[in-house]
Number of protein chains: 2
Amino acid sequence: MTEVEQADRFARAREAQSVALIEDYVEMIGDLIAELGEARVADIAERMGVAQPTATKAIARLKRDGFATSRPYRGVFLTEEGAELAERVRARHRTVVALLVAVGVPEEIAELDAEGIEHHVSEQSLKAFEDFLQGK
Amino acid sequence: MTEVEQADRFARAREAQSVALIEDYVEMIGDLIAELGEARVADIAERMGVAQPTATKAIARLKRDGFATSRPYRGVFLTEEGAELAERVRARHRTVVALLVAVGVPEEIAELDAEGIEHHVSEQSLKAFEDFLQGK
DNA sequence: GATGATCTATAGCCTATGCTATATTTAAAT
DNA sequence: ATTTAAATATAGCATAGGCTATAGATCATC
Ligand SMILES: [Mn+2]
Ligand SMILES: [Mn+2]
Ligand SMILES: [Mn+2]
Ligand SMILES: [Mn+2]
């Protein structure tokens with residue numbers, strides 16, 4: 001492996017990481033809307049395990065990036081792009097957990113590890129996981 | 001899943017992430033020392049794909065955390081703790097790649113994805129991967 | 001409709017992680 | 001030994017993502 005290839009690999013991991021938080025927020029806002037009919041800042045903060053101003057700031061980035069909208073003192077909503085991302089992220093999360101369980105990871109551990117792993121699973125790997133799970 | 005459990009899960013993923021860069025630097029410095037006999041800042045920066053001052057700053061954190069030492073205008077060295085971490089990280093990296101390949105991910109893709117995934121694989125999952133790879 | 005509780009926004013702070021520009025030191029070449 | 005080149009350190013800046021404290025808005029209750 002050349003230096004450049006290695007550098008690209010690390011750059012890719014860094015990029016995936018920068019998207020990870022966005023993905024988790026978007027997925028979770030989708031969950032809240034599905035469960036409660038709305039996503040309030042306080043609920044988002046509680047589920048993410050962060051302070052409320054931290055959630056507010058993250059939501060501002062989601063809005064800036066076109067994944068969400070919100071009005072002051074009202075809830076947070078997903079844009080079409082945000083809703084699509086949430087759906088992809090949710091499906092990938094399920095697949096990753098299923099793959100981990102399929103190779104012998106206990107359910108509980110699989111859920112824990114998947115929360116981080118999912119953001120680094122490429123489309124190609126995801127496809128391989130699905131094929132493996134279907135016994136192909 | 002309760003709100004607290006979910007929050008803990010996210011907190012765990014955040015923690016894993018904060019360790020990820022440290023792990024990659026330490027592993028890579030170990031590689032350089034093994035290959036070239038020394039790890040120079042310029043080489044570290046090139047392999048990580050970052051500017052030289054970025055590498056210098058990361059090395060300062062490694063030193064602060066007890067994983068490395070260095071003298072001005074000289075190379076970087078791993079402490080005993082750093083060398084042990086490097087070895088663990090290297091072994092885990094190999095196992096993750098092997099697991100991905102075993103479930104059908106192409107070698108190249110496996111290497112790419114593993115660079116990010118590895119940092120979120122718990123001891124328990126790692127053990128499960130090893131057992132799976134041994135056909136148990 | 002006032003009032004107290006709750007929710008949200010804002011200000012201000014911190015660390016990590018990136019960058020460019022430039023000073024300083026070491027190494028190489030003449 | 002100079003001079004030049006290369007490596008390293010340092011200064012200064014930016015953004016992301018944490019936090020606490022507090023101001024401001026909304027909601028519920030009487
Ligand atoms: Mn996640
Ligand atoms: Mn998830
Ligand atoms: Mn890595
Ligand atoms: Mn690695």
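First the proteins, then the strands, lettered A, B, ... as listed; each starts at 1.
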Does any part of the side chain of T54(A), heavy atoms only, come nearer than 4.5 Å to the side chain of K57(A), both counted from C-beta?
no
What about V101(B) and V105(B), same hydrophobic cluster or not, with Ile/Leu/Val/Met/Phe/Trp/Tyr joined at side-chain heavy-atom distances under 4.5 Å?
no
Verify same cluster id: I33(B), M48(B) (apolar side-chain graph, 4.5 Å)
yes
Taking the side chain as every heavy atom from C-beta outward, state whether F77(B) and I29(B) have any atom pair closer than 4.5 Å.
no
Rounded distance (Å) that lies between atom C1' of dG18(D) and atom CD of E15(B):
13 Å
Are any of T56(A)'s side-chain N or O atoms less than 4.0 Å away from OP1 or OP2 of dA9(C)?
yes
Heavy-atom distance under 4.5 Å between the side chains of L36(A) and D43(A), does that happen here?
yes
Taking only Watson-Crick and G-U wobble pairs with both distances under 3.5 Å, what dot-bracket line describes DNA chain C, where [ ] shows pairs that cross earlier ones and | shows pairs with another strand?
||||||||||||||||||||||||||||||
Only counting residues at least two apart or in another chain, list the ones meeting side-chain hydrogen bond (donor to acceptor under 3.5 Å, both in side chains) with E80(A).
none
Distance in angstrom units between E23(A) CD and dA16(D) P, rounded
16 Å
Distance check needed: dT17(C) P versus F10(A) CZ, whole Å only.
14 Å
Would a single hydrophobic cluster contain both L78(B) and M28(B), if residues Ile, Leu, Val, Met, Phe, Trp and Tyr are joined by side-chain heavy-atom contacts under 4.5 Å?
yes
Are I109(A) and I117(B) connected in a single hydrophobic cluster, I mean Ile/Leu/Val/Met/Phe/Trp/Tyr linked by side-chain heavy atoms less than 4.5 Å apart?
yes
Respond yes when some side-chain nitrogen or oxygen of R14(A) is under 4.0 Å from OP1 or OP2 of dT17(C), and no when none is.
no
Starting from the 5' end of DNA chain D, give me the residue, A51(A) or R71(B), whose nearest nucleotide shows up first.
R71(B)
Table of protein N/O atoms under 3.5 Å from nucleotides 22-25 of chain D N/O atoms:
{"residue": "dA25(D)", "atom": "O4'", "partner": "Y73(A)", "partner atom": "OH", "Å": "3.2"}

So what does R61(B) touch, heavy atoms closer than 4.0 Å: a base, only the sugar-phosphate, or nothing?
base
Less than 4.5 Å apart, any side-chain heavy atom of R92(B) and any of H119(B)?
yes
Let me know the distance between CD of E46(B) and P of dG18(C), rounded to the nearest Å.
16 Å
Pick base, sugar-phosphate or nothing for A42(B), based on heavy-atom distances below 4.0 Å to the nucleic acid.
sugar-phosphate
Just how far, in rounded Å, is P of dG17(D) from CD1 of I22(A)?
7 Å
Rounded to whole angstroms, how far apart are CZ on R74(A) and P on dC7(C)?
14 Å
Give the cluster check for V121(B) versus F10(A): same hydrophobic cluster or not, with ILVMFWY residues linked at side-chain heavy-atom distances below 4.5 Å.
no
Between L21(B) and D43(A), which residue's closest nucleotide on DNA chain C lies nearer the 5′ terminus?
D43(A)
Looking at dA7(D), dG18(C), dC19(D), which one has an atom nearest to any side-chain atom of V50(A)?
dC19(D)
It should be established whether T54(B) places a side-chain nitrogen or oxygen under 4.0 Å from OP1 or OP2 of nucleotide dT17(C).
no
In this structure, how many angstroms lie between the C1' atom of dT17(C) and the CD1 atom of I44(B), rounded?
16 Å
Rounded to whole Å, how long is the line connecting atom NZ of K57(A) with atom P of dA9(C)?
14 Å
Measuring to OP1 and OP2 of dA7(D), would you say a side-chain N or O of R40(B) lies under 4.0 angstrom away?
no
